[in-house]
Amino acid sequence: MRRLVVVGLGLLMVGVGGCAPAGSAPGGSAGGDPGRHREAFDERAAEVAGAWRPRSDWSGGYLPLQDATVLPGQPGFTAETEAAFRSGWYRDQIPLPTKVPADAAIRFSDGALTVPLISAAEAYRQLDQGDPPPCEGRPRVPQAPSPTDATRPDDSVSTRAATACIPLTVTGVTLGTAEVRTSRGVAAVPAWLFTVAELTTPVARLAVAARAVAAVPEPTAPSRTLPAGVAGADRLRRVEGTRLTYTVGLGACDSGPTALVRESDDVVVVGGGVVQGTGECIALAVLKPVTVTLTAPLGARPVLDVGTGRVLTLATP
């Protein structure tokens, strides 16, 4: 019987079978030859790059290529506060303004674009994903049992957790800007900056109204299956000048991956080379990070997955 397992960022099928990267052609000959990985990748990447056809709003509108929740600085996470941030657990301790501000400008390296905004209250509604569920560590300060607890056979003391499991406390909010990767490069985008008592930096939620946000173009995937020994990319993890870090999907018994990239003046295509395992293996895909160095800073170039042709977006650190 097959079952669903979550690994990394993907929801993946698990069974038993031979090891191969997700989407690869069975029986391919490139599984153990790094040179063939490069050759097969280059051919596929050229096809993906050639199919890239952005719409006019790619270079003339506002199209964010990362999450709408941004950390402007180092948050000083603990295990508990990082879990709360990743899960969207917040509690507000202030009145949240419901008034919609006047239109404001997004500032790109090549100009500016005036856009409508949302209120702080609406931004908070988008940010907050509810309270943490009952889990180990809640409440924040474990309560010591009272002398009468031992006489209560059904008392909840026996289920009290020993460590913290808490929401983040919002104590202030101001309208400012956050640096965001967009289809026109890094831009200063209007954002509501929420002061959080437990963190050392505000949590920014982009304040641009949905009607002003362009959609990411639909990918044009090659008609052929991904070559054996070549793995697709899942998501960007970091962009620092000429260095890109992204995750690659591969089989549980595969080795690698090695980072593979093909860049041109207008597009960057990434993936990974893997050596396929042999024999019987659980059919489980995993995500592993790799880093490449480009010949020039990424700038406004899109990063495309060699497997699907889709634009990779930047995950919140």
Side-chain angles (χ1 to χ4, degrees), residues 52-73 75 85-86 88 90 92 94-129 168 170-196 199 201-220 235-241 244 266-268 297-304 310-317:
W52 170 247
R53 296 289 186 274
R55 300 185 301 265
S56 60
D57 53 11
W58 180 267
S59 57
Y62 167 58
L63 200 165
L65 295 178
Q66 68 180 81
D67 295 338
T69 300
V70 180
L71 290 172
F85 174 79
R86 303 291 178 197
Y90 294 88
D92 59 287
I94 55 167
L96 293 165
T98 58
K99 183 179 179 181
V100 176
D103 295 356
I106 300 172
R107 303 200 176 277
F108 305 94
S109 60
D110 60 354
L113 178 68
T114 299
V115 293
L117 304 185
I118 59 175
S119 69
E122 174 59 25
Y124 181 78
R125 279 193 289 270
Q126 296 176 5
L127 181 71
D128 181 27
Q129 301 302 305
L168 299 175
V170 173
T171 59
V173 62
T174 58
L175 184 61
T177 61
E179 286 196 347
V180 177
R181 184 170 182 266
T182 76
S183 60
R184 296 165 64 176
V186 176
V189 179
W192 287 105
L193 307 178
F194 292 95
T195 302
V196 175
L199 303 182
T201 189
V203 174
R205 181 72 187 186
L206 301 186
V208 181
R211 64 182 182 276
V213 180
V216 176
E218 289 294 323
T220 303
R235 198 164 190 196
L236 286 176
R237 306 303 298 179
R238 188 172 300 170
V239 178
E240 295 177 325
L244 303 182
D266 58 352
V267 68
V268 174
L298 180 61
R301 293 180 293 175
V303 180
L304 306 182
R310 67 184 176 87
V311 178
L312 298 187
T313 56
L314 184 64
T316 297

Separation of [Y] [atom2] from [X] [atom1] (nearest 0.5 Å):
| X | Y | atom1 | atom2 | result |
| --- | --- | --- | --- | --- |
| Leu127 | Tyr90 | CG | OH | 4.0 Å |
| Thr313 | Asp67 | OG1 | CG | 6.5 Å |
| Ile106 | Leu113 | CD1 | CG | 5.5 Å |

Inset, instruction - Determine whether more than 12 heavy atoms belonging to other residues, nucleotides or ligands lie under 6.0 Å from atom CZ of Arg238. - result: no
Inset, instruction - Count the heavy atoms of every other residue, nucleotide or ligand shown that sit under 6.0 Å from CD of Gln129, and state whether that count exceeds 12. - result: yes
Inset, instruction - Would you mind listing every side chain to side chain donor-acceptor pair (under 3.5 Å) that reaches into residues 177-195, with sequence neighbours excluded? - result: Asp110-Arg184
Inset, instruction - May I have all residue pairs that pass side chain to side chain donor-acceptor pair (under 3.5 Å) and include part of residues 98-109, sequence neighbours excluded? - result: none
Legend entry - Test item: Arg55 side-chain N/O and Ala215 main-chain N/O as donor-acceptor pair under 3.5 Å: yes
Legend entry - Exam field: side chain Tyr62 to backbone Val208, donor-acceptor pair closer than 3.5 Å: no
Within the structure provided, determine whether [X] and [Y] are in side-chain contact (heavy-atom separation under 4.5 Å).
| X | Y | value |
| --- | --- | --- |
| Phe194 | Leu199 | no |
| Val70 | Thr316 | no |
| Arg53 | Pro217 | no |
| Pro64 | Val189 | no |
| Thr220 | Trp52 | no |
| Arg205 | Thr69 | yes |
| Val311 | Trp58 | yes |

Legend entry - Non-neighbouring partners of Arg301 that pass side chain to side chain donor-acceptor pair (under 3.5 Å), sequence neighbours left out: Glu263
Legend entry - Residues which pass side chain to side chain donor-acceptor pair (under 3.5 Å) with Ser119, listed by chain and number, not counting sequence neighbours: none
Looking only at non-hydrogen atoms, find the nearest pair between [X] and [Y] and report the distance.
| X | Y | value |
| --- | --- | --- |
| Leu71 | Pro202 | CD2-O, 4.2 Å |
| Pro302 | Asp266 | CD-O, 3.2 Å |
| Asp57 | Ala214 | OD2-CB, 3.5 Å |
| Leu304 | Leu312 | C-CG, 4.5 Å |

Inset, instruction - Please identify each residue that fulfils salt bridge (Lys or Arg N to Asp or Glu O under 4.0 Å) with Arg125, with sequence neighbours left out. - result: Glu122
Legend entry - Phe85: partners by ring-ring contact (aromatic ring centres under 6.0 Å, His included), with sequence neighbours left out: Phe77
Legend entry - Criterion side-chain contact (heavy atoms from CB on, under 4.5 Å) on Leu175 and Leu117, from CA distance to verdict: CA-CA 10 Å; Leu175 184 61; Leu117 304 185; 4.1 Å; yes
